[in-house]
Amino acid sequence: QAHVVESGGGLVQAGGSLRLSCVGAGRFFSKDAMGWFRQAPGKDREFVAGISFNGGVTEYADSVTGRFTISRDNAKNTVYLQMNNLKREDTAVYYCNSEPLGISTLAAGRYTYWGQGTQVTVSS
């Protein structure tokens with residue numbers, strides 16, 4: 001069964017940076033849109049960023065635009081999220097997922113499968 005493994009989270013001070021990675025396993029995701037989501041304590045999971053199958057199109061939540069950059073390396077079956085100028089409100093567990101129907105469908109986040117996620121904690 002295909003699954004994803006997220007990594008790269010950690011504890012960082014406000015204003016700092018982290019780079020998250022999501023590796024797909026079990027099948028190749030090179031024809032899928034890929035995206036990042038996050039869930040803060042007591043809140044619903046939300047869409048953060050998405051990238052089309054070939055990397056030509058990206059979309060971001062308003063809250064991260066200009067600070068986060070999503071990219072992918074299809075040869076490595078991996079998608080990345082570079083997070084700069086982190087804020088306390090970015091604290092959350094970050095997840096990735098894939099969607100063959102494109103970013104618009106991906107952003108809805110209606111999935112039953114989620115990886116274990118990676119914790120990002122931003123301190124002031």
Asker: Can you tell me how far the CD atom of Q39 sits from the CD atom of Q119, to the nearest 0.5 Å?
Answerer: 11.0 Å

Asker: Just wondering, are more than 12 heavy atoms of other shown residues or ligands nearer than 6.0 Å to CZ in R88?
Answerer: no

Asker: Show, in sequence, the C-alpha distance, side-chain angles and deciding distance for V120 and R38, and conclude whether the side-chain contact (heavy atoms from CB on, under 4.5 Å) test is met.
Answerer: CA-CA 9 Å; V120 172; R38 66 187 181 186; over 6 Å; no

Asker: Following the transitive rule for hydrophobic clusters with a side-chain heavy-atom cut-off under 4.5 Å over Ile, Leu, Val, Met, Phe, Trp and Tyr, establish whether Y113 and V48 coincide in one cluster.
Answerer: yes

Asker: Hydrogens and angles aside, do N84 and Q82 bring a side-chain donor and acceptor to less than 3.5 Å of each other?
Answerer: yes

Asker: Does Y95 reach the main-chain N or O of E6 with its side chain, forming a donor-acceptor pair under 3.5 Å?
Answerer: no

Asker: Would you indicate whether the side-chain heavy atoms of D90 and R67 approach each other to under 4.5 Å?
Answerer: yes

Asker: Within the side chain of D73, is there an N or O that forms a donor-acceptor pair under 3.5 Å with the backbone of A75?
Answerer: yes

Asker: Would you compute the distance between atom CD1 of I51 and atom OG of S98 and round it to the nearest 0.5 angstrom?
Answerer: 13.5 Å

Asker: Is T91 reaching over with its side chain to a backbone N or O of V122, donor-acceptor style, under 3.5 angstrom?
Answerer: yes

Asker: For a quick test of reading the model, state the closest non-hydrogen atom pair linking A33 to G102 and the distance between them.
Answerer: CB-C, 3.6 Å

Asker: Just how far is it from atom OG of S104 to atom CD of E99, taken to the nearest 0.5 Å?
Answerer: 10.0 Å

Asker: About how many Å separate CG of L20 and OG1 of T78, when rounded to the nearest 0.5 Å?
Answerer: 12.5 Å

Asker: With a 3.5 Å distance limit and no angle check, can you tell me whether R72 reaches the backbone of S52 through a side-chain donor-acceptor pair?
Answerer: yes

Asker: Atom OG in S63, atom CZ in F47: separation rounded to 0.5 Å?
Answerer: 10.5 Å

Asker: If you measure from CD1 on I103 to CD1 on I70, what distance do you get to the nearest 0.5 Å?
Answerer: 7.5 Å

Asker: Between S21 and K76, is the side-chain contact (heavy atoms from CB on, under 4.5 Å) condition met? List the steps.
Answerer: CA-CA 11 Å; S21 298; K76 296 181 179 180; over 6 Å; no

Asker: Count the heavy atoms belonging to other residues, nucleotides or ligands that lie under 6.0 Å from OH of Y111, then report whether that count exceeds 12.
Answerer: yes

Asker: Can you label the angle between the Y94 ring and the F68 ring as parallel, tilted or perpendicular, going by 30° and 60°?
Answerer: tilted

Asker: Could you tell me whether a side-chain N or O of T65 sits under 3.5 Å from a main-chain N or O of A61, the two making a donor and an acceptor?
Answerer: yes

Asker: A14 and S124: which non-hydrogen atoms are nearest, and at how many Å?
Answerer: CB-CA, 4.4 Å

Asker: Backbone N or O of V5 within a donor-acceptor pair of the Q116 side chain at under 3.5 Å?
Answerer: no

Asker: Might you confirm whether atom CD of E89 has over 12 heavy atoms from other residues, nucleotides or ligands at distances under 6.0 Å?
Answerer: yes

Asker: Examine distances only and state if a side-chain atom of N74 and a backbone atom of F53 form a donor-acceptor pair shorter than 3.5 Å.
Answerer: yes

Asker: Using the rule that two of Ile, Leu, Val, Met, Phe, Trp, Tyr join whenever any of their side-chain heavy atoms come within less than 4.5 Å, decide whether V93 and W114 are in one cluster.
Answerer: yes

Asker: Determine whether a donor-acceptor pair (N or O, by modelled atom type, separation under 3.5 Å) exists between the side chain of N77 and the backbone of G24.
Answerer: yes

Asker: Under a 4.5 Å cut-off applied to non-hydrogen side-chain atoms, are V79 and F29 in contact?
Answerer: no

Asker: Which of these passes side-chain contact (heavy atoms from CB on, under 4.5 Å) with W36: N97, L81, L106?
Answerer: L81

Asker: Are Y60 and L18 linked, directly or through intermediate hydrophobic residues, by side-chain heavy-atom contacts shorter than 4.5 Å (ILVMFWY only)?
Answerer: yes

